[in-house]
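The block underneath contains the structure these notes are about, expressed in structure tokens.
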2 protein chains.
Amino acid sequence: MHVVIPLYPRFTALDAVGPYTVLAFAPGWTVTFAAAETGPVADDRGSLSLAATARLADLPHPDVVVVPGGPGTLDAISDPDLVGWIARAHEHTRWTASVCSGSFLLGAAGLLRGRRATTHWGWLDHLAGFGAEPVGERVVTDGKVVTSAGVSAGIDMALALLAEAADRETAQAVQLAIEYDPRPPFAAGSPKTAPAGLTGRALSLIG
Amino acid sequence: MHVVIPLYPRFTALDAVGPYTVLAFAPGWTVTFAAAETGPVADDRGSLSLAATARLADLPHPDVVVVPGGPGTLDAISDPDLVGWIARAHEHTRWTASVCSGSFLLGAAGLLRGRRATTHWGWLDHLAGFGAEPVGERVVTDGKVVTSAGVSAGIDMALALLAEAADRETAQAVQLAIEYDPRPPFAAGSPKTAPAGLTGRALSLIG
């Protein structure tokens, strides 16, 4: 199974590297980071660059696409090359997936019309602008389109996708290999459970 | 607060990018990826390179060091430049931390003698060879040395470190910003809860 993760300036690194680590550990799966041109692509903090090893134009038919989010989606949704690549690749994929605001790129490619979808809690309502039905869940699967919530949710999404695409035991073996037995020190990861008044402060950290 | 994450060939990407994402989202914190030389450093799958933007030799006094693990630690523990840098940096750090088998590099630098420490469940017993007391917990803090369990545990570790180094509210705001409200699809992330017989298969995926 060949997975392509498209990179664009100011993506959020964990959106890409969470699913990457899950899927690249699976036997027989390969993951390629691709962009408009090969070479380093800088993330949203400007302090980390991931190397794109292929041009998107050279990878028209991946089995799986995982689109990361990040503040760079604000510009990227107007990039006809990237959005067009997603739309055309989707015609052939087994799954087309996104993390966080990566769902806006799926939306810009026309893939969310009439579909249930999710994104980061901070801008869930914006999905309606792409014709989607916003759903406040961690991972939402509608046909072959799989969207997930903010940043860290890509790990959960990739494990669920792997269980479906390979089998339950493979996903469990990867989960054990990466010791994904999360123990967050606080119950602050969702606006439903976080201390009151924290949402504004959290949103100020993004972008 | 200045954090340095040292990279070496065949590190595991999520070990580095999990803590990076947590700490780089914190106001006033900067994170630098550094290596023997600047430029791309390939991970354990060979399909992802992270860019080192500084030479370790040029960053002798970081406030915080976070050492990722990965199969490359087997060679890296014999690299006198890397191990020596960790030992000397530790003299000045506020915290010296590791993820997964990154703890072996702390051990090789002599930082674990007489300390409680942890690592990936697959090789917890090996810590005793560095004079440490192996502890099967997600995050172990002993003085200013913070070690964590396998791969994904670096996210929990970084949030705990941030709560201690900054304050509880800052860590909670970052947790909410990255929507770290984990919902693993299976209870397979620890050998204590995974289906019987899965440990061998999980270990075969690593390395």
Side-chain angles (χ1 to χ4, degrees), chain A residues 12-14 17-18 20-21 24-27 30-33 40 45 47-51 53 100 120-121 138-139 149-153 155-156 159-160 163 168-169 171-186 188-191 193-195 198-199 201-203 205-206, chain B residues 12-14 17-18 20-21 24-27 30-33 40 45 47-51 53 100 120-121 138-139 149-153 155-156 159-160 163 168-169 171-186 188-191 193-195 198-199 201-203 205-206:
Chain A
T12 297
L14 186 55
V17 174
Y20 160 71
T21 301
F25 268 94
T30 57
V31 183
T32 303
F33 289 90
R45 308 289 117 184
S47 44
L48 175 59
S49 291
L50 269 55
T53 58
C100 199
H120 192 283
W121 57 265
R138 188 87 174 151
V139 178
V151 191
S152 61
I155 300 171
D156 296 329
L159 285 167
R168 184 181 173 93
E169 290 67 31
Q172 290 174 324
V174 169
Q175 185 181 348
L176 184 54
I178 66 168
E179 203 164 350
Y180 186 48
D181 179 36
R183 294 282 183 270
F186 309 107
S190 160
T193 57
L198 204 68
T199 55
R201 187 164 171 192
L203 290 178
L205 301 179
I206 304 178
Chain B
T12 297
L14 187 55
V17 174
Y20 160 71
T21 300
F25 268 94
T30 58
V31 183
T32 304
F33 288 90
R45 306 291 117 183
S47 46
L48 175 60
S49 291
L50 270 54
T53 59
C100 200
H120 191 283
W121 58 264
R138 189 86 174 151
V139 179
V151 191
S152 61
I155 300 172
D156 296 329
L159 285 167
R168 182 181 175 94
E169 288 70 28
Q172 289 174 325
V174 169
Q175 186 182 347
L176 184 53
I178 66 169
E179 204 164 347
Y180 186 49
D181 180 35
R183 295 281 183 272
F186 309 106
S190 159
T193 57
L198 204 68
T199 54
R201 187 163 169 193
L203 290 177
L205 301 179
I206 304 178

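Numbers restart at 1 for each chain; the letters A, B, ... are given by sequence-line order, proteins then strands. Both backbone and side-chain heavy atoms feed into the values below; hydrogens, waters and symmetry mates do not.
Taking every heavy atom of both residues into account, B:S152 and A:I178 meet most closely at OG-O, 2.9 Å. Nearest heavy atoms, A:E169 versus B:L198: O-CD1, 4.1 Å. Closest non-hydrogen pair, B:A160 versus A:P185, comes out as N-CG, 4.0 Å. Summarising the geometry of A:H120 relative to B:E179, their closest heavy-atom pair is CA-OE1, 3.5 Å, with the distance given to 0.1 Å. Closest of all the heavy-atom pairs between A:I155 and B:I155 is CD1-CD1, 4.1 Å.
There is no contact between B:T30 and chain A, counting heavy-atom distances below 4.5 Å. At a 4.5 Å heavy-atom cutoff, the contact between B:V174 and chain A is made by backbone and side-chain atoms alike. Looking at B:R183, the atoms closer than 4.5 Å to chain A (heavy atoms on both sides) sit in the backbone and in the side chain alike. Interface remark: B:P184 contributes backbone and side-chain atoms alike to the contact with chain A (heavy atom separation under 4.5 Å). With a 4.5 Å cut-off on non-hydrogen atoms, B:A194 touches chain A through its side chain but not through its backbone. If you measure heavy-atom distances from B:P195 to chain A, the contacts under 4.5 Å come from the side chain alone. Of the two parts of A:P182, the backbone and the side chain both hold a non-hydrogen atom closer than 4.5 Å to a non-hydrogen atom of chain B.
A:F186 contributes atom CZ, which lies 5.0 Å from atom CZ of B:R168 (distance to the nearest 0.5 angstrom). Atoms CZ and OG1, from A:F25 and B:T12 in turn, are 5.0 Å apart once rounded to the nearest 0.5 Å. Note that OG1 of B:T193 and CD of A:Q172 are 9.5 Å apart. Values are rounded to the nearest 0.5 Å.
Your options are A:L50, A:D156, A:L176, and the one with the most heavy-atom pairs under 4.5 Å with chain B is A:L176. Comparing A:P27, A:S47, A:G18 by heavy-atom pairs within less than 4.5 Å of chain B, the highest count is held by A:S47. For the set A:T53, A:T199, A:T32, A:L48, the count of heavy-atom pairs under 4.5 angstrom toward chain B peaks at A:L48.
Contacts of B:R201 classified as salt bridge (charged side-chain N to carboxylate O under 4.0 Å, His left out), with partners at least two apart in sequence or in another chain: none. Not counting sequence neighbours, B:Y180 has no partner by the ring-ring contact (aromatic ring centres under 6.0 Å, His included) test.
Under the 4.5 Å side-chain criterion, counting only non-hydrogen atoms from C-beta, B:T21 is not in contact with A:V17. Annotation: side chain of B:L14 is in contact with side chain of A:L14 (closest heavy-atom distance under 4.5 Å).
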